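Here's the structure we're looking at; comments come further down.
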Amino acid sequence: DGGITQSPKYLFRKEGQNVTLSCEQNLNHDAMYWYRQDPGQGLRLIYYSQIVNDFQKGDIAEGYSVSREKKESFPLTVTSAQKNPTAFYLCASSVGQGRGYTFGSGTRLTVV
Amino acid sequence: EDKVVQSPLSLVVHEGDTVTLNCSYEVTNFRSLLWYKQEKKAPTFLFMLTSSGIEKKSGRLSSILDKKELFSILNITATQTGDSAIYLCAPALSSNTGKLIFGQGTTLQVKP
């Protein structure tokens, strides 16, 4: 079955450490997205990519980095420069043209 | 700047009540508007609306779009405790990015 997989589901990080969240899809979608969600709030766009080897900053890109070396994969690195990284992170993919997203099941990151 | 406002932000009702959730938007290059339900993890798709005045229905849920007033509503009749969730409204852009612009969500709690 086609889908989008995020790992790990839960992640704990010490302050000052970089961590990488994985997102893999087998839907053959060109576009992929990373969102952050804080408790009781909507989704805010971090980065998105329309095609391999290309990506753009979203609304809250500071302290994050991404890569898109393969169509299937869009990992997100939360760097030590992100001052408030504790949140729920959602990855999504799309065929584009406003047809909606397929979401992964999310990664909950906690800084300890 | 693209903007999506959902109201109310939170709502508590009892089983059997009917609720109306509101979504107003101001976005450039509007293509469609999507509604998602989010329980604990990934948002799940409810409706995609592209034309004004045409109601979409799925069981006890229905939704309609007004492209002139830039507004959409989501109705839930005879609410059940399983309807408790965050409901997200998201206009989709018609550009190649396929981006969705999410509102802050409405948190619905249905009490027995």
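Every value quoted in this text rests on a predicted model; they were computed, and no experiment measured them. Lettering of chains follows the sequences in order, A, B, ..., and the numbering in each one begins at 1.
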Do the side chains of [X] and [Y] join up, straight or via other hydrophobic residues, at under 4.5 Å, putting them in one cluster?
X       : Y       : result
B/Val4  : A/Ile46 : no
B/Ile73 : B/Leu21 : no
A/Tyr48 : A/Leu76 : no
A/Leu45 : B/Leu34 : yes
A/Tyr35 : A/Ile4  : no

> Does A/Tyr101 reach the main-chain N or O of B/Leu100 with its side chain, forming a donor-acceptor pair under 3.5 Å?
Replying inline: yes
> Can you find a heavy atom in the side chain of A/Phe88 that is under 4.5 Å from one in the side chain of B/Gln38?
Replying inline: yes
>> In the structure I gave you, are the side-chain heavy atoms of A/Leu43 and B/Gln104 within less than 4.5 Å of one another anywhere?
In response: no
>> For B/Ala42 versus A/Ser105, what's the shortest heavy-atom pair and its separation?
In response: CB-CA, 4.0 Å
> Taking all atoms of both residues into account, what is the closest heavy-atom pair of B/Pro43 and A/Leu90, and its distance?
Replying inline: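 Distance-wise, the nearest heavy atoms are CD-CD1, 3.7 Å.
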>> Rounded at 0.5 Å granularity, tell me how far NZ in B/Lys41 sits from CD in A/Gln37.
In response: 13.5 Å
> Roughly how far apart are A/Asp59 CG and B/Phe102 CZ, rounded to 0.5 Å?
Replying inline: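 The CZ atom of B/Phe102 is 12.0 Å from CG of A/Asp59, to the nearest 0.5 Å.
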> Residues in side chain to side chain donor-acceptor pair (under 3.5 Å) with B/Tyr25, at least two apart?
Replying inline: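 B/Tyr25 satisfies side chain to side chain donor-acceptor pair (under 3.5 Å) with no other residue.
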> Are the ring centres of A/Phe103 and B/Phe45 closer than 6.0 Å?
Replying inline: no
>> Heavy-atom cut-off 4.5 Å, strictly under: side chain, backbone, both or neither for A/Arg108 against chain B?
In response: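 Only the side chain of A/Arg108 comes within 4.5 Å of chain B.
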> Which atoms of A/Gln6 come close to chain B, meaning under 4.5 Å heavy atom to heavy atom: side chain ones, backbone ones, both, or neither?
Replying inline: neither
